[in-house]
Amino acid sequence: MRITFPHLGSAYIPLEEMINGVGHDPVVPPPNNKSTLELGSRLSPEDVCLPFKIILGNMLQGIEAGAESVLMIGGCGPCRLGYYGEAQKVLLRKAGLDVGFLSLEPLGKLEGGTISFLRRVFGPTNPARLVNAARLAWAKLAVVEWLEVLALSTRPMEATKGTSTQVLNQWLNAVRAAQTMGRLREVCRLAADQFEAISKEKDGETHLRIGLVGEIYTVVEPFANRNIEEHLGNLGVEVVRTISLKRWMEDHVFKRLLGLSYVKELQKWAEGYLSGSVGGHGLESVARSIRLARFGLDGVIHILPLACMPEVIAQGILPKVSVDTGTPIMSLVVDEHSSEVGIATRLEAFVDLVERRHYASV
Amino acid sequence: MSEASPRQVYLGVDVGSVSTNFILYDGREPSDKAVVWKRYLRTRGAPLEALRMGLKAMYEGGNWEVVGVGTTGSGRELAGVVLGADVVKNEITAHAIAALNQNRDVQTVIEIGGQDSKLIVIRNGVVVDFAMNTVCAAGTGSFLEQQAMRLGIPVDQLGSLALGSTTPVRIAGRCTVFAESDMIHKQQLGHSMEDIVAGLCSSMARNYLNNVAKGKELVPVVFFQGGVAANQGMRRALQDFIGCPVEVPEHFDVMGAIGAAILAKERLERTGAITKFVGTSLLSSSYRNNSYLCDRCPNQCEIVEIWRDGVFLAGWGARCGRTI
């Protein structure tokens with residue numbers, strides 16, 4: 001079965017590996033671009049959030065590229081995203097596209113019954129190949145995120161703007177092509193050397209550190225946040241990520257399967273501001289902003305899609321966190337028409353502010 | 001023209017969505033006399049033409065030697081490339097610098113321009129917080145202008161009309177389209193023009209305080225700048241809501257440009273560099289801008305290119321970092 005799936009940063013690299021391993025053909029949609037959003041918006045309800053529109057656009061482009069089935073995350077919450085798959089299935093069918101829909105729901109809630117769903121997915125699976133692919137895919141996810149974090153740390157140190165991004169893209173491609181764990185380890189060694197060289201280009205210079213929190217899709221997907229990580233890096237800032245897909249998998253899938261909770265730690269950090277989950281990443285945004293501030297970061301940027309309820313709650317709390325901790329926090333709302341200049345203006349002004357504060361306190 | 005040697009000045013340009021502003025700044029004068037020339041032009045969607053007209057007016061307006069250039073506003077990159085700017089700065093920093101230059105004790109800057117509105121919070125001469133309207137341009141200058149046009153009143157008379165009101169009507173402030181319906185409705189009920197215009201000002205001020213300031217502490221000295229500050233009705237409405245005096249600086253409409261010029265002066269004095277200003281060659285050259293959707297990879301970036309006399313000058317928009 002030819003399966004397509006929505007983009008989320010570089011997640012297509014391990015996902016593609018995994019789909020291969022299960023015994024299907026992955027159809028990676030074209031990178032998110034203007035037409036993705038245009039296609040997605042055309043079929044979407046007007047007031048739904050930006051991620052819905054881009055994801056639907058990915059599905060349409062994947063189907064156009066020959067996919068017979070669409071893979072989408074499901075779930076019963078924690079925000080509207082849990083129902084997006086279902087809504088998108090209806091929209092695709094209404095548009096006359098007869099495609100299979102694989103919605104990853106909790107066991108017992110899978111479409112057509114658990115057994116039939118599992119048979120559909122794992123029918124062509126070779127168990128030995130699956131185990132290997134799962135190991136490789138998990139390793140690829142870890143390596144991809146590790147490379148991206150390396151690029152975040154070297155961007156403010158590079159002598160020529162764009163070097164880190166070029167090196168990153170080169171090695172992401174190598175990770176994508178790697179077929180063995182051995183090759184993956186080799187890629188790590190070679191990439192580390194190159195990043196190490198970049199990090200010495202502006203030796204001895206200090207730079208600002210700004211943390212990113214917010215709604216997971218708009219934080220992780222560069223098209224949704226207009227390349228915020230790269231933009232800040234080019235302004236000489238080291239971006240500190242608080243969201244990792246690997247971590248998300250560990251927290252939401254593995255810990256949950258083991259009956260462990262990741263919420264308690266968040267509640268502890270957010271104490272006095274927010275006592276429990278408000279859906280999505282609302283509690284995370286508050287807890288992580290406080291943590292970043294306590295760790296002495298120079299500033300925090302909070303990204304949310306327009307009309308995102310959980311993040312709107314966080315947005316209302318963060319100004320108080322900012323005053324109490326003395327750390328500047330800026331909320332950045334993204335939507336279909338958030339122009340590049342508008343975002344650039346806010347980022348530049350925020351970096352100016354953080355910089356002046358940083359040097360005033362040194 | 002005087003026979004004396006040209007006056008050394010810094011040029012500040014603010015290319016906004018509605019207006020393009022030029023000022024010349026003489027750093028040897030005290031700050032209240034440092035702006036020696038200014039021009040407020042309509043951008044009319046053609047920033048290159050506005051830049052050329054502004055420069056032409058500048059050379060006709062006196063005998064100057066431009067020793068540094070700063071640009072700001074949403075068209076700052078374009079203006080920076082075309083003029084040969086020494087500093088290209090975002091408008092929030094530029095507005096704050098200009099306000100502080102006028103009065104070192106400023107703690108709050110309210111700036112309402114053509115399509116955006118900002119709040120800048122300053123403590124001890126340092127910007128500590130700012131906010132901008134998010135994804136909606138309700139409550140900005142463009143709306144006032146449209147409504148003035150609809151009412152058949154020149155936009156610069158809205159303010160004095162509002163001051164004549166005794167009982168302002170209440171107009172919904174969340175969305176400008178609904179505000180317009182409200183206004184039409186009130187007109188049809190027979191309310192006076194003064195009361196409707198005053199209601200409009202107060203709904204815009206409320207919109208600003210609810211959507212931009214959002215409960216941030218607004219403490220004196222409060223500066224109100226940007227094109228909308230010309231409106232006395234808006235000033236009064238803001239003053240009523242905030243509960244402290246709101247000052248409109250003399251050059252309220254070109255504060256961004258002043259900030260850009262000061263930043264250019266600071267930068268050049270610090271680095272000792274010589275200005276990159278293109279001078280009169282801007283007037284004799286022909287500029288062409290060109291935009292297209294790049295098809296070299298699936299990213300489909302929107303690329304913009306600027307050409308001078310058939311020679312490639314600058315380009316941006318490509319995610320891969322290429323310029324041509």
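Everything quoted here is computed from the prediction, not taken from an experiment. So that the names make sense, note that chain A is the first sequence line, chain B the second, and so on, each numbered from 1.
- Other residues, nucleotides and ligands place no more than 12 heavy atoms under 6.0 Å from the CD atom of B/Glu217.
- Contact of A/Ser322 with chain B is not made at all, since no heavy-atom distance falls under 4.5 Å.
- Heavy atoms only, all atoms of each residue included: B/Phe130 and A/Met330 are closest at CZ-SD, 3.6 Å.
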Where do B/Glu91 and A/Thr345 land on the side chain to side chain contact (heavy atoms under 4.5 Å, CB included) test, with the steps shown first? CA-CA 7 Å; B/Glu91 50 271 38; A/Thr345 300; 3.6 Å; yes
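- Residue contact with chain B, scored on non-hydrogen atoms closer than 4.5 Å, is absent for A/Asn169.
- Taking SG from B/Cys294 and CG from A/Asn33, the interatomic distance works out to 11.0 Å, rounded to the nearest 0.5 Å.
- Heavy atoms of B/Leu293 lying under 4.5 Å from chain A belong exclusively to its side chain.
- Every residue two or more places apart in sequence or in another chain that forms a ring pair (Phe, Tyr, Trp, His ring centres under 6.0 Å) with A/Tyr12 is listed here: A/His7.
- Annotation: residues 71-89 of chain B contacts chain A through B/Ser74, B/Arg76, B/Lys89 [non-hydrogen atoms, separation under 4.5 Å].
- Smallest separation of non-hydrogen atoms from B/Asn90 and A/Asp352: ND2-OD2, 3.1 Å.
- Around CD of A/Glu201, the count of heavy atoms belonging to other residues, nucleotides or ligands within 6.0 Å exceeds 12.
- In this structure, the salt bridge (Lys or Arg N to Asp or Glu O under 4.0 Å) partners of B/Glu145, at least two apart in sequence or on a different chain, are B/Arg42.
- Scanning residues 92-111 of chain B against chain A with a 4.5 Å non-hydrogen threshold yields B/Ile92, B/Thr93, B/Ile97, sorted by number.
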